[in-house]
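All remarks here apply to the structure that follows.
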Amino acid sequence: MAFTGRAALLAAIGSIPVGIWGAGWTSVLAVDAPIALACACDFALAAPVRHLRLTRSGDTSVRLGETADVTLTVTNPSGRPLRAQLRDAWPPSSWQPGTETTASRHGLTVPAGERRRLTTRLRPTRRGDRQADRVTIRSYGPLGLFFRQGTHKVPWTVRVLPPFASRKHLPSKLARLRELDGRTSVLTRGEGTEFDSLREYVPGDDTRSIDWRATARQTTVAVRTWRPERDRHILLVLDTGRTSAGRVDDAPRLDAALDAALLLAALASRAGDRVDLLAYDRRVRALVQGRAARELLPSLVNAMATLEPELVETDARGLAATTLRTAPRHSLIVLLTTLDAAPVEEGLLPVLPQLTQRHTVLVASVADPHIARMATARGTTDAVYEAAAAAQAQAERDRTAEKLRHHGVTVVDAIPDELAPALADAYLALKAAGRL
C-alpha cells in the first residue's frame, strides 16, 4: 500500500495555508488531519487485491510474426468495487520492441461480486515457449489518494511456432510433382522407375516402353507408364551445433534450415513418402518418427518450436551413428548443416562413407547473401579488398561442396530466401531420376 501522487499534491497544496498562518500545531492539524482521514477512508474503500481470483484462457500457440490473444478473467468477490491498474507481465520477446508498455498495462473496473475480462495481445519475436509472469494489480480508493498493490501467479504458456514462410512455394512444387506422376497434360508422360499402368501407344512414345506381352493379348499396342517411387523413407537431419547459431540476414541459420525442412516435409508427404525428423548436436534435441501424413506437419512444427542452436561443436560420429539407428533401411538422408571447410573436413567427411554406403545423402546449407554483395563491391580500396575476401570465401565453399559431391552427395547451397525451393527442386530431381 502507498500514497498516490494525488495525495502528495493535496498535501503540498495544504502546506500553503500552514506557511501563511504559521507553523503551529493547530494549523498543521487543521490541514493534515482531513488529508490523513481522507487517505484512511480511501484505503478502507479500496478493494483488497489478495482475494481477487484470476484465470486465463485464449491462444496456446501462434506462428512467429502473427498475434496471439490471451484473455485474463478477474473476479472480485469482495463487497467493494475494484478500480485498478493491471500489468500482465510476459517475457520481453513476447512483443515487438517498444510496444510492451501499452500492450501489457490495462485499466480495470470490476463491481463488487462481478468479473471482467481483458485481453493481452502478444506478437512474439522469437520461436519457443513464452510463459506468463506475474500479474500485478494496483487497487485504488474512490478518491485516488491511496492504493493497495499485490501480485498473482496465473500460469499460461504460448508456444511460438516456426513461421513456415516457404509454404508459398508449395503449390508450384506440387504442380511439378503432378507432372512427374503423369497426372497433367504435359509432354512428360510420367517419369520414374515404379510401374504404374498400361495404356494405348500414341505417336511420340518411347518404343522401349512397349509391353509386347500385353500387346499380343489385345488388338492395340500397349506401353508401360511409370511413376516416381512412393512410400520411400526420408530423414531430415538438423545440425543444431554452433554453426547453426551464425546469423544470416539478422536470423540464425537454423531458422532458414527449419523453413526448408518444413517445405520438403510437406512436399514429400504429398508424394506418398514417409518423413522423419532428427535434430542433433551432441545429443538428440528432437525426434519425430512414424507420423501419418495428416499429423506430420503439426508434429514437426511443434518439435521445431523449441529448438535453439547450441554453442557446442557437433559430434559428427554421434550424428552418423544416430542417423543410422533412426534409418536402418535405405533412405534419403537430408542433412541441413554448414559448408564451412573445417567442420565438414574434420567432422562430416570422415563419417560420410558410413552414410553413403547405405543411403542417398543430400546436404543443404544456408549461404550468406552478404558475401555475394561483397563480391560485387567496387570503387574504393576497401571495397576491392572486400570483393577479394568474398571471392576467396566462395571458392573455399565451392571446394568443400565438390569434396562432398565426390562422395556421391547431392549438395544444395543457397541463401535463406532460396534454400527451401532449391531443396524441394533437388528432391524432385532425385525422385525423377529414380535415385530414392
Side-chain angles (χ1 to χ4, degrees), residues 1-15 29 31-62 67-125 128-160:
M1 58 182 180
F3 293 98
T4 67
R6 185 179 296 183
L9 178 61
L10 190 60
I13 295 174
S15 65
L29 289 175
V31 173
D32 291 344
I35 296 176
L37 180 61
C39 289
C41 293
D42 212 37
F43 173 74
L45 294 174
V49 175
R50 184 181 302 176
H51 301 300
L52 297 175
R53 295 197 297 268
L54 283 75
T55 58
R56 289 190 188 274
S57 61
D59 297 330
T60 57
S61 64
V62 62
T67 58
D69 291 337
V70 179
T71 300
L72 185 67
T73 302
V74 181
T75 304
N76 178 18
S78 70
R80 285 162 282 179
L82 173 68
R83 308 169 187 85
Q85 289 291 325
L86 182 146
R87 178 176 182 262
D88 190 4
W90 290 75
S93 59
S94 301
W95 291 284
Q96 297 293 322
T99 64
E100 177 182 359
T101 301
T102 56
S104 63
R105 287 168 169 77
H106 308 274
L108 186 66
T109 300
V110 184
E114 297 187 14
R115 63 183 179 183
R116 292 291 185 270
R117 293 185 179 90
L118 53 90
T119 299
T120 300
R121 176 157 293 180
L122 309 179
R123 191 178 180 87
T125 58
D129 289 340
R130 298 293 169 268
Q131 297 180 343
D133 201 351
R134 294 167 296 180
V135 176
T136 302
I137 302 176
R138 182 173 289 182
S139 174
Y140 293 90
L143 300 178
L145 301 176
F146 215 91
F147 65 83
R148 304 167 183 257
Q149 182 168 306
T151 59
H152 290 259
K153 292 288 290 184
V154 191
W156 193 260
T157 301
V158 175
R159 173 156 290 189
V160 186

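Numbers here simply count residues along the sequence, with the first being 1.
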Do [X] and [Y] have side-chain heavy atoms sitting under 4.5 Å apart?
X: H152; Y: V49; answer: yes
X: P155; Y: Q131; answer: no
X: T125; Y: Q96; answer: yes
X: Y140; Y: Q85; answer: yes
X: L72; Y: V135; answer: yes
X: R80; Y: P48; answer: yes
X: T102; Y: W95; answer: no

Ignoring hydrogens and angles, tell me if any N or O in the side chain of [X] forms a donor-acceptor pair with the backbone of [Y] under 3.5 Å.
X: R116; Y: L108; answer: no
X: D59; Y: D69; answer: yes
X: R117; Y: T71; answer: no

[X] and [Y]: which non-hydrogen atoms are nearest, and at how many Å?
X: P111; Y: T109; value: CD-O, 3.9 Å
X: L52; Y: P77; value: CA-CD, 4.2 Å
X: W156; Y: G58; value: CZ2-O, 3.5 Å
X: V74; Y: L82; value: CG1-CD2, 4.2 Å
X: R130; Y: S94; value: CD-OG, 3.7 Å

Crowding at CZ, R105 (>12 non-hydrogen neighbours, <6.0 Å):
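More than 12 heavy atoms, drawn from other residues, nucleotides or ligands, come within 6.0 Å of this atom.
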
CZ of R121: more than 12 outside heavy atoms within 6.0 angstrom?
no

R134/D88 under salt bridge (Lys or Arg N to Asp or Glu O under 4.0 Å): CA gap, chis, key distance, verdict
CA-CA 7 Å; R134 294 167 296 180; D88 190 4; over 6 Å; no

